[in-house]
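Inspection log for the structure reproduced underneath, given as structure tokens.
Remember, predicted model here, so these are calculated numbers, not experimental data.
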Amino acid sequence: MNLTLHRTYFKEGTNGALFYQGHFMGFVIELPWLENKKQVSCIPEGVYVLKARFSEKFKYHLQLENVPCRSLILIHPANDAQSELKGCLAPVGHLNGIGKGLYSRPLFQKIISICYQAFDRKETVTLTIKS
């Protein structure tokens, strides 16, 4: 199973459109591209394997595997990249600025549902990030 994220880069942040099986799901907000610097930059474009993860802070969420020079890159709910993200990706239902959005949780739950069903079927889940 593959999700595809088409990014647009801005000085203040990164906005993307998320697709599953060619169908638009919603948007993703991220930090700006700052040469993959830890905690201040979005991650490089590429194909990443997604894994299920649980923490007290985010409960059930997703982690991207094998991100170059980075660790603990997650997909979790957030509505403002600058104040709520440290290199992670946040789905949002509506964009209301660069690196800002609304309705993160409903879209996040939809993504979790699709991905966890694929995990239950023992499928590999990937995220392809491109501009």
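- The CG atom of L74 sits 4.0 Å away from atom SG of C88, with the distance rounded to the nearest 0.5 Å.
- Nearest heavy atoms, V125 versus C115: CG1-SG, 3.9 Å.
- No more than 12 heavy-atom neighbours from other residues, nucleotides or ligands sit within 6.0 angstrom of OH on Y60.
- For Q39 against R70, the heavy-atom pair with the smallest separation is N-NH2, 3.9 Å.
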Query raised in the report: Would K86 and L72 satisfy side-chain contact (heavy atoms from CB on, under 4.5 Å), going step by step from the backbone distance to the final call?
Result: CA-CA 10 Å; K86 295 189 185 277; L72 281 178; over 6 Å; no
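- Minimum heavy-atom separation, Y20 to M25: CB-SD, 3.4 Å.
- Going from atom CD1 of I98 over to atom OG1 of T14 covers 9.5 Å, rounded to the nearest 0.5 Å.
- With no hydrogens or angles considered, no side-chain donor-acceptor pair links S104 and N79 at under 3.5 Å.
- In plain terms, the two heavy atoms of Y48 and I43 that are nearest each other are CE1-CD1, 3.7 Å.
- Both L50 and Y116 belong to a common hydrophobic cluster when Ile, Leu, Val, Met, Phe, Trp and Tyr are linked at side-chain heavy-atom distances under 4.5 angstrom.
- Interatomic distance, SG of C42 versus CD of E35, reported as 10.0 Å (0.5 Å rounding).
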**Report entry** Test side-chain contact (heavy atoms from CB on, under 4.5 Å) applied to H61 and I75, step by step
**Finding:** CA-CA 6 Å; H61 57 282; I75 297 176; over 6 Å; no
Query raised in the report: Going through the distances and angles, do Q21 and F19 end up as a side-chain contact (heavy atoms from CB on, under 4.5 Å)?
Result: CA-CA 7 Å; Q21 295 181 337; F19 296 85; over 6 Å; no
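- The two residues N15 and G97 come nearest to each other via the heavy atoms ND2-O, 3.3 Å.
- Screening residues 64-115 for ring pair (Phe, Tyr, Trp, His ring centres under 6.0 Å) gives F58-H76 as the qualifying pairs, with residues at least two apart or on separate chains.
- Atom-to-atom distance recorded for L62:CG and F119:CZ is 5.5 Å, nearest 0.5 angstrom.
- Results of the side-chain hydrogen bond (donor to acceptor under 3.5 Å, both in side chains) test with S131 over H6, E45, R7 single out E45 as the only residue that passes.
- With values rounded to the nearest 0.5 angstrom, T126 atom OG1 is found 3.5 Å from N2 atom CG.
- In this structure, a donor-acceptor pair under 3.5 Å is present between the side chains of S113 and Q117.
- In this structure, L107 is a member of the same hydrophobic cluster as L64, with clusters built from ILVMFWY side-chain heavy atoms closer than 4.5 Å.
- Within 6.0 Å of atom NZ in K59, more than 12 heavy atoms from other residues, nucleotides or ligands are found, so the atom counts as buried in its surroundings.
- Taking each heavy atom of E12 and Q82 in turn, the nearest pair found is O-NE2, 3.0 Å.
- Note that CG of L95 is 9.5 Å distant from OG1 of T8, once rounded to the nearest 0.5 Å.
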Query - Test log, rule side-chain contact (heavy atoms from CB on, under 4.5 Å), inputs N66 and V49 - result: CA-CA 8 Å; N66 300 316; V49 173; 5.6 Å; no
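- Under the 4.5 Å side-chain heavy-atom criterion for Ile, Leu, Val, Met, Phe, Trp and Tyr, W33 and L89 are members of distinct hydrophobic clusters.
- K130 is listed as a side-chain neighbour of T4, based on a closest heavy-atom distance under 4.5 Å.
- Note on I73 and V28: same hydrophobic cluster, where clusters join Ile, Leu, Val, Met, Phe, Trp and Tyr whose side-chain heavy atoms are under 4.5 Å apart, directly or indirectly.
- In the hydrophobic cluster analysis, where Ile, Leu, Val, Met, Phe, Trp and Tyr join through side-chain heavy atoms closer than 4.5 angstrom, L5 is grouped together with I114.
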